[in-house]
Every structure is written in C-alpha cells, then in structure tokens.
Amino acid sequence: MVTSLLRVVLPPFLILGSMTACAAPEPFSCPAELGPTEQKALQTPAGWSATVEGSGPARHALTGFMINLGPVTKSDGAIYDDLRQKKDGQGGVTETATWKVDALDDAYAVCTYHRTAVVLSRPLKGYTECRMVQERKRDSAFRLKEAGCR
C-alpha cells in the first residue's frame with residue numbers, strides 16, 4: 001500500500017500577510033484637540049444677533065471620553081470596570097478609569113471636546129482595554145489628561 005503525502009508550501013508574503021491580519025490593532029489615544037469646526041447659529045430669535053466669541057477658529061480641547069455600546073447615535077455608555085484614585089501630597093488626585101472591551105459587541109470609543117457638539121468615535125473591534133486618566137489639583141475640578149485604547 002502506497003500512502004501519498006500532500007505538502008502545501010505557502011509563499012512568504014501570504015504567511016506574513018496572515019500574521020498581520022491576526023495581530024492586535026495599534027493602540028490609539030484621543031487627539032488632545034479637535035481641529036476647527038464651523039460655529040454659527042442657524043436661527044436667531046427676534047431682536048437678537050449671533051456672533052462667535054473670540055477671533056479665529058475656536059479651540060476644542062479634549063474634555064470627555066466614554067465607551068459606547070453601539071454607534072454614537074445609540075447613546076448607550078458602558079460603565080468602567082475599574083476606577084482607581086491616587087492622591088498626591090498637595091491635595092491633588094489622579095483618577096484612572098479602565099474598561100475591559102474585548103468581550104463587548106459593537107463597542108466604540110468616543111472622544112468629546114470643549115465648546116462643540118462634534119465628537120470623534122472609533123470602533124473597538126480587536127482592542128482589549130481602554131483607559132482614561134483625569135487629574136485634579138487642590139480645590140479644582142478634574143481635567144482629562146489622556147484617553148485611549150490598546
């Protein structure tokens with residue numbers, strides 16, 4: 001009895017291509033600032049005029065981060081899995097919120113910005129964890145320092 005052995009040899013580019021397809025996506029962070037947006041009133045009540053404060057384009061600094069369960073229009077935020085606070089010697093606090101996102105279906109990272117309703121969102125397929133770090137100096141409000149996923 002003769003047994004034949006079938007041997008398949010894949011070209012190197014096919015092997016490397018399949019390895020990168022299985023690799024985790026690159027980590028990302030919310031941009032610290034959103035580019036210019038158009039700010040104008042579409043309607044103005046009788047007797048009022050509308051202007052834009054300041055000169056030049058408005059600066060939109062990163063002010064918020066959340067994990068949404070579905071597209072942003074669904075407005076269904078996920079609660080963080082862990083929240084840790086670290087106090088410093090001068091009365092300040094650093095707060096770190098962490099979300100485990102690998103088991104979430106159709107989750108999105110959402111970055112929000114000061115003085116605009118424009119948000120940035122990004123699907124989280126392939127990511128495992130997201131985190132947001134906020135800092136508060138003594139007698140002040142929390143300020144978002146960084147937010148992103150890996």
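Values below: all heavy atoms of this structure, side chains included; hydrogens, waters and symmetry mates excluded.
- In the hydrophobic clustering (ILVMFWY side chains linked at under 4.5 Å, chained through shared members), Val93 is joined by Phe142.
- Think of Met66 as one node in a network of Ile, Leu, Val, Met, Phe, Trp and Tyr side chains linked at under 4.5 Å; its network also takes in Val72, Val110, Val119.
- If you take CG on Leu104 and SG on Cys130, they are separated by 9.0 Å, rounding to the nearest 0.5 Å.
- Residues passing the salt bridge (Lys or Arg N to Asp or Glu O under 4.0 Å) test with Lys137, sequence neighbours excluded: none.
- Residues passing the side-chain contact (heavy atoms from CB on, under 4.5 Å) test with Thr98 are Asp82, Thr96, Glu129, Arg131, sequence neighbours excluded.
- A salt bridge links Arg59 to Glu33: at least one charged side-chain nitrogen sits closer than 4.0 Å to a carboxylate oxygen.
- Pro31 meets the side-chain contact (heavy atoms from CB on, under 4.5 Å) test with Tyr113, Leu120; sequence neighbours excluded.
- For the pair Pro71 and Asp106, the minimum side-chain heavy-atom distance is below 4.5 Å.
- Sequence neighbours left out, not one pair with a member in residues 68-80 passes salt bridge (charged side-chain N to carboxylate O under 4.0 Å, His left out).
- Glu38 is linked by a salt bridge (Lys or Arg N to Asp or Glu O under 4.0 Å) to Lys40, counting only residues two or more places apart in sequence or in another chain.
- Screening residues 33-81 for ring-ring contact (aromatic ring centres under 6.0 Å, His included), with sequence neighbours left out, gives Phe65-Trp99.
- Clustering of Ile, Leu, Val, Met, Phe, Trp and Tyr by side-chain heavy atoms under 4.5 Å joins Ile79 with none of the others.
- In this structure, the ring-ring contact (aromatic ring centres under 6.0 Å, His included) partners of Tyr127, at least two apart in sequence or on a different chain, are Phe28.
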Point to revise | Test log, rule side chain to side chain contact (heavy atoms under 4.5 Å, CB included), inputs Leu34 and Val118 | key: CA-CA 9 Å; Leu34 182 63; Val118 175; 3.7 Å; yes

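- The salt bridge (charged side-chain N to carboxylate O under 4.0 Å, His left out) contacts involving residues 112-123 comprise Glu53-Arg115, where partners must be two or more places apart or lie in separate chains.
- With sequence neighbours excluded, no residue forms a side-chain contact (heavy atoms from CB on, under 4.5 Å) with Arg143.
- Contact check for Glu135 versus Lys145: side-chain heavy atoms found under the 4.5 Å cut-off.
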